[in-house]
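In what follows, a structure is listed as structure tokens, so that the remarks can point back to it.
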Amino acid sequence: MTISEQLQRAVDEWVASKGDPKKEQAVLNLLEKPEVKALEYRKRNAAFITSHKLMALEKDPYLCWLEYVQGIEPPVSEEREAMFVGQAVDDLVTSGEQAFKDRYVAVPRRDKKTEEANPGKMLLTNGQLQTVTNAHKEFLTRHFFPREIKKRNLLCIAFGLPLKGELDGFDDETKRPQDLKTTANLNTFLEDFRPGRLLYDRYIFQQATYAYIYEMGQGERVDACELLVVDKYQWCRSHKFVISYPTLQAQFYRIEKLLQDWKLYQESEIWPFSLRLDTPEGLKAFNDSPYYSHPLLARFKDSIPPTVL
């Protein structure tokens, strides 16, 4: 039995027990195993409902089904350098320097030759390593950031579904989940992080999901959520956002509606394609999907009408 299968089995037993604390602890213990932590994000969270899955469901159930239920790889990889550097910053801050050195190595350039020379290592160019180091230094010296944060998993069962929140940190004293984000430019982030903007909606929903999971699982509410933002500018800059409980709680109805929808689609085994391809909004969402060229979307793609001006 693979480690992924062991995790799935443990989650199924926990859900079947209706939340037995011993079964939940067995799941948490598995999540701390190095071989589970090393799994790619989709595989590591295949057994759970996460904020990413709920946002994907809200965008379109069928596309969500392709990615998270069927586990079909998109025809085009979405791996981007910015995401890779951001993950490196996250690993250095939350895991420490030794764990970072065990996982990453700096090379003059990333190519097949350097990959073969460094088996099992994640390759950073010297320039990328400098950016990661600068971001780490900014984090450590910022007056309103914690001196250290350590990853923590939150679990709960809602509507018969296993939910998981993968936190970068949690302040036990203030009851605040902490989430580290890296961005290209802090000033652009500040401009976009406001009500009505996509960036704001995505991060508020994610933090609200963490708050919901904590409340459902622990029987008490969080005080707030902290968003710790560090950028990758020439000189790294940072800012802290405190998202209040009322702001988080306002998303709970939306979260529960999506959980009920997931349960319905799962039980009926019908995941409808809901994008309106005759509207600019629906067309944009379809064009942005990494599954755009997948054969299963061909019939939807062929139904798109031309724009008449």
(message) Go through it in stages, so that I can follow the logic: the residues are Gln130 and Asn126, the test is side-chain hydrogen bond (donor to acceptor under 3.5 Å, both in side chains), and I'd like the CA-CA distance, side-chain angles, deciding distance and then a yes or no.
(response) CA-CA 6 Å; Gln130 187 61 55; Asn126 292 324; over 6 Å; no
Can you measure from [atom1] ([X]) to [atom2] ([Y]) and round to the nearest 0.5 angstrom?
{"X": "Asn153", "Y": "Leu31", "atom1": "CG", "atom2": "CG", "value": "4.5 Å"}
{"X": "Leu248", "Y": "Gln207", "atom1": "CG", "atom2": "CD", "value": "7.5 Å"}
{"X": "His294", "Y": "Ile72", "atom1": "NE2", "atom2": "CD1", "value": "4.5 Å"}
{"X": "Asp179", "Y": "Leu167", "atom1": "CG", "atom2": "CG", "value": "7.5 Å"}
{"X": "Lys301", "Y": "Asn287", "atom1": "NZ", "atom2": "CG", "value": "9.0 Å"}
{"X": "Cys64", "Y": "Lys53", "atom1": "SG", "atom2": "NZ", "value": "8.0 Å"}

Do you know the tightest heavy-atom contact between [X] and [Y]?
{"X": "Pro75", "Y": "Pro290", "result": "CD-O, 3.3 Å"}
{"X": "Leu39", "Y": "Ser4", "result": "CD1-OG, 3.7 Å"}
{"X": "Leu57", "Y": "Trp271", "result": "CD1-CZ3, 3.7 Å"}
{"X": "Tyr265", "Y": "Pro272", "result": "CE2-CD, 3.6 Å"}
{"X": "Gly282", "Y": "Leu277", "result": "O-CD2, 3.8 Å"}
{"X": "Leu258", "Y": "Leu54", "result": "CD1-O, 3.7 Å"}

(request) With sequence neighbours left out, write down each residue that passes salt bridge (charged side-chain N to carboxylate O under 4.0 Å, His left out) with Glu32, or none if nothing qualifies. (result) Lys37
(message) Keeping Thr209 on the side-chain end and Ile255 on the backbone end, is there a donor-acceptor pair under 3.5 Å?
(response) no
(request) Look only at the side chain of Asp168 and the backbone of Gln178, and say whether a donor-acceptor pair between them is shorter than 3.5 Å. (result) no
Atom [atom1] of residue position [X] - does it have more than 12 heavy atoms of other residues, nucleotides or ligands inside 6.0 Å?
{"X": "Glu40", "atom1": "CD", "answer": "yes"}
{"X": "Glu148", "atom1": "CD", "answer": "no"}
{"X": "Glu5", "atom1": "CD", "answer": "yes"}
{"X": "Lys121", "atom1": "NZ", "answer": "yes"}

(message) One pair to check against side-chain contact (heavy atoms from CB on, under 4.5 Å): Leu275 and Leu63. What are the steps and the verdict?
(response) CA-CA 10 Å; Leu275 291 180; Leu63 295 178; 4.0 Å; yes
(message) Name the residue from Arg254, Arg202, Lys257 that meets the salt bridge (charged side-chain N to carboxylate O under 4.0 Å, His left out) definition with Glu58.
(response) Arg254
(message) Tell me which one of Arg103, Lys151, Lys181, Lys150 satisfies salt bridge (charged side-chain N to carboxylate O under 4.0 Å, His left out) with Asp90.
(response) Lys151
(request) Could you list all the salt bridge (charged side-chain N to carboxylate O under 4.0 Å, His left out) pairs where at least one residue sits in residues 240-249, not counting sequence neighbours? (result) Glu226-Lys240
(request) Please collect all salt bridge (charged side-chain N to carboxylate O under 4.0 Å, His left out) contacts where either partner lies in residues 129-139, sequence neighbours excluded, each pair once. (result) Glu138-Arg142
(request) Measure from NZ or CZ of Arg299 to the centre of the six-membered ring of Phe273, then state whether that distance is under 6.0 Å and the direction lies within 45° of the axis. (result) no
Min side-chain heavy-atom separation [X]-[Y] under 4.5 Å:
{"X": "Leu7", "Y": "Lys33", "answer": "no"}
{"X": "Leu297", "Y": "Leu66", "answer": "yes"}
{"X": "Asn45", "Y": "Tyr68", "answer": "no"}
{"X": "Asp172", "Y": "Arg152", "answer": "yes"}
{"X": "Ile213", "Y": "Lys164", "answer": "no"}
{"X": "Phe144", "Y": "Val242", "answer": "no"}
{"X": "Leu227", "Y": "Phe189", "answer": "yes"}
{"X": "Val222", "Y": "Tyr245", "answer": "yes"}

Hydrogens and angles aside, do [X] and [Y] bring a side-chain donor and acceptor to less than 3.5 Å of each other?
{"X": "Thr183", "Y": "Asp231", "result": "no"}
{"X": "Thr131", "Y": "Asn134", "result": "no"}
{"X": "Tyr104", "Y": "Gln128", "result": "no"}
{"X": "Asp91", "Y": "Gln87", "result": "yes"}
{"X": "Gln206", "Y": "Tyr210", "result": "yes"}
{"X": "Tyr212", "Y": "Gln251", "result": "no"}
{"X": "Asp102", "Y": "Gln98", "result": "yes"}

(message) Between Arg176 and Asp171, does any side-chain N to carboxylate O distance fall below 4.0 Å?
(response) no
(message) Salt bridge or not between Glu267 and Lys263? Use side-chain N to carboxylate O under 4.0 Å.
(response) yes
(message) Please enumerate all residues that pass ring-ring contact (aromatic ring centres under 6.0 Å, His included) together with Tyr291, with sequence neighbours excluded.
(response) none
(request) Determine which pairs satisfy ring pair (Phe, Tyr, Trp, His ring centres under 6.0 Å) with at least one residue from residues 18-51, sequence neighbours left out, and list them in order. (result) Tyr41-His52
Do [X] and [Y] belong together in a cluster built from hydrophobic side chains that touch within less than 4.5 Å?
{"X": "Phe205", "Y": "Tyr214", "value": "yes"}
{"X": "Trp262", "Y": "Phe159", "value": "yes"}
{"X": "Leu180", "Y": "Ile204", "value": "no"}
{"X": "Ile243", "Y": "Val229", "value": "yes"}
{"X": "Ile149", "Y": "Leu92", "value": "yes"}

(request) Give the other cluster members for Val107, using side-chain heavy-atom distances under 4.5 Å between Ile, Leu, Val, Met, Phe, Trp and Tyr residues; answer none if it is isolated. (result) Val105, Leu123
(message) Go through it in stages, so that I can follow the logic: the residues are Phe241 and Tyr203, the test is ring-ring contact (aromatic ring centres under 6.0 Å, His included), and I'd like the CA-CA distance, side-chain angles, deciding distance and then a yes or no.
(response) CA-CA 11 Å; Phe241 298 87; Tyr203 284 154; 9.2 Å; no
(message) Applying side-chain contact (heavy atoms from CB on, under 4.5 Å) to Val36 and Arg44, what does each step give before you reach the verdict?
(response) CA-CA 6 Å; Val36 172; Arg44 190 169 68 248; 4.2 Å; yes
(message) Between Tyr62 and Phe300 (judged by ring centroids, cut-off 6.0 Å), do the two rings come close enough to count as a pair?
(response) yes
(request) Describe, in one word, how the ring planes of Trp235 and Tyr233 are oriented to each other, choosing from parallel (under 30°), tilted (30 to 60°) and perpendicular (over 60°). (result) perpendicular
